[in-house]
**Student:** 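Take a look at the following structure, please.
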Amino acid sequence: MKDREVGQMRVEREQWGKIPLLHVATEENFEKQVPVVFFLHGHTSAKEHNLHYAYNLAEKGLRVILPDALLHGERSEEIDDVQITLRFWEIVLTSLEELKELKEEAVERGFATEGKIGVAGTSMGGITTLGALKLYPWIDVAAVMMGAPGYVQLAKAQIKQYESKGFTLPMTAEEREKIFATLEYVDLTKHQQTLKQRPLFFWHGEQDLTVPFAPTHNFYEAIRADYQEVPNRLHFMREANAGHAVSREGMLASVDWLADHLNVSMKF
């Protein structure tokens, strides 16, 4: 069987506003208006670590924007792993704000068009993607690898874990409640109606000890009724022996999901 011809890949290191990013598309599509995917990396990772997703997505005719999150990649600061972990939710909330800025910039540059915008991410990026679905109706398709929609539940579990290790969190009880109130606003488990049957793909390993499998799968089960009329728009791919690392099969399935749904007319 003859191999499918693929155009030359183009990867540009750019800065949109204050956000450093990688901009990936085939040379043929780079200046065209084609579907856009914003791909968000994980905690302590960086934009370059997801180039394998970007390559496969671009190969299917999509444009991919991979930003560095606050305190990551080119935005790293001289802080240790404990400090960056304690700022996890600050990073997620900042990424949610910056996603809106990136989308507006993509529209201004003539890259993005209504009905052709996807968001995806791994781990922290998947968590951010689920919060973005609550905030932004312009997201047409999403793929979440090792993400969790229950922001409040996850934050409380993280605090409990930190304290069990002997860490003292630098916040009062009142400050904690304010954080929980902020997270509740973007907690998709409390606002599942905002999904509005948009195509949503999950991948999760059942042995994941970093972002537990059960809460995410429980959410999937909870929203299945909302997708009864369009069951092909919701999919959960589980792998029994996988931990906190997406398999090649999971990566390729997420790519196919985004490409298949962004290359059709999205009407909701």
**Student:** Under the side-chain hydrogen bond (donor to acceptor under 3.5 Å, both in side chains) test, which residues partner Q33, sequence neighbours left out?
**Tutor:** none
**Student:** Would you say I159 and F180 make side-chain contact, with heavy atoms under 4.5 Å?
**Tutor:** yes
**Student:** Using the side-chain hydrogen bond (donor to acceptor under 3.5 Å, both in side chains) rule, collect all pairs that involve residues 234-245, keeping only residues at least two apart or in two chains.
**Tutor:** S123-H244, W203-E239, E206-R238, D208-H244, H217-R238, E239-S247
**Student:** Restricting to salt bridge (Lys or Arg N to Asp or Glu O under 4.0 Å), what partner residues turn up for E101, sequence neighbours left out?
**Tutor:** K18
**Student:** Please list, chain by chain and in numerical order, all residues satisfying side-chain hydrogen bond (donor to acceptor under 3.5 Å, both in side chains) with R10, sequence neighbours excluded.
**Tutor:** E12, E27
**Student:** W16: which residues meet the ring-ring contact (aromatic ring centres under 6.0 Å, His included) condition with it, sequence neighbours left out?
**Tutor:** none
**Student:** Donor-acceptor pairs under 3.5 angstrom involving side-chain atoms of residues 103-110: please list them, not counting sequence neighbours.
**Tutor:**
from	atom 1	to	atom 2	distance (Å)
E104	OE2	K100	NZ	2.8
E105	OE2	R109	NE	2.7
E105	OE2	R109	NH2	3.3

**Student:** Go through the structure and list residues passing salt bridge (Lys or Arg N to Asp or Glu O under 4.0 Å) with E28, not counting sequence neighbours.
**Tutor:** K32
**Student:** Who are the salt bridge (Lys or Arg N to Asp or Glu O under 4.0 Å) partners of D256, not counting sequence neighbours?
**Tutor:** K60
**Student:** Not counting sequence neighbours, which residues clear ring-ring contact (aromatic ring centres under 6.0 Å, His included) with H72? List them please.
**Tutor:** H41, H43
**Student:** Could I get the full list of side-chain hydrogen bond (donor to acceptor under 3.5 Å, both in side chains) partners for Q15, not counting sequence neighbours?
**Tutor:** none
**Student:** Excluding sequence neighbours, so at least two apart, what forms side-chain hydrogen bond (donor to acceptor under 3.5 Å, both in side chains) with D68?
**Tutor:** K47
**Student:** Salt bridge (Lys or Arg N to Asp or Glu O under 4.0 Å) with E48: which residues, sequence neighbours excluded?
**Tutor:** R13
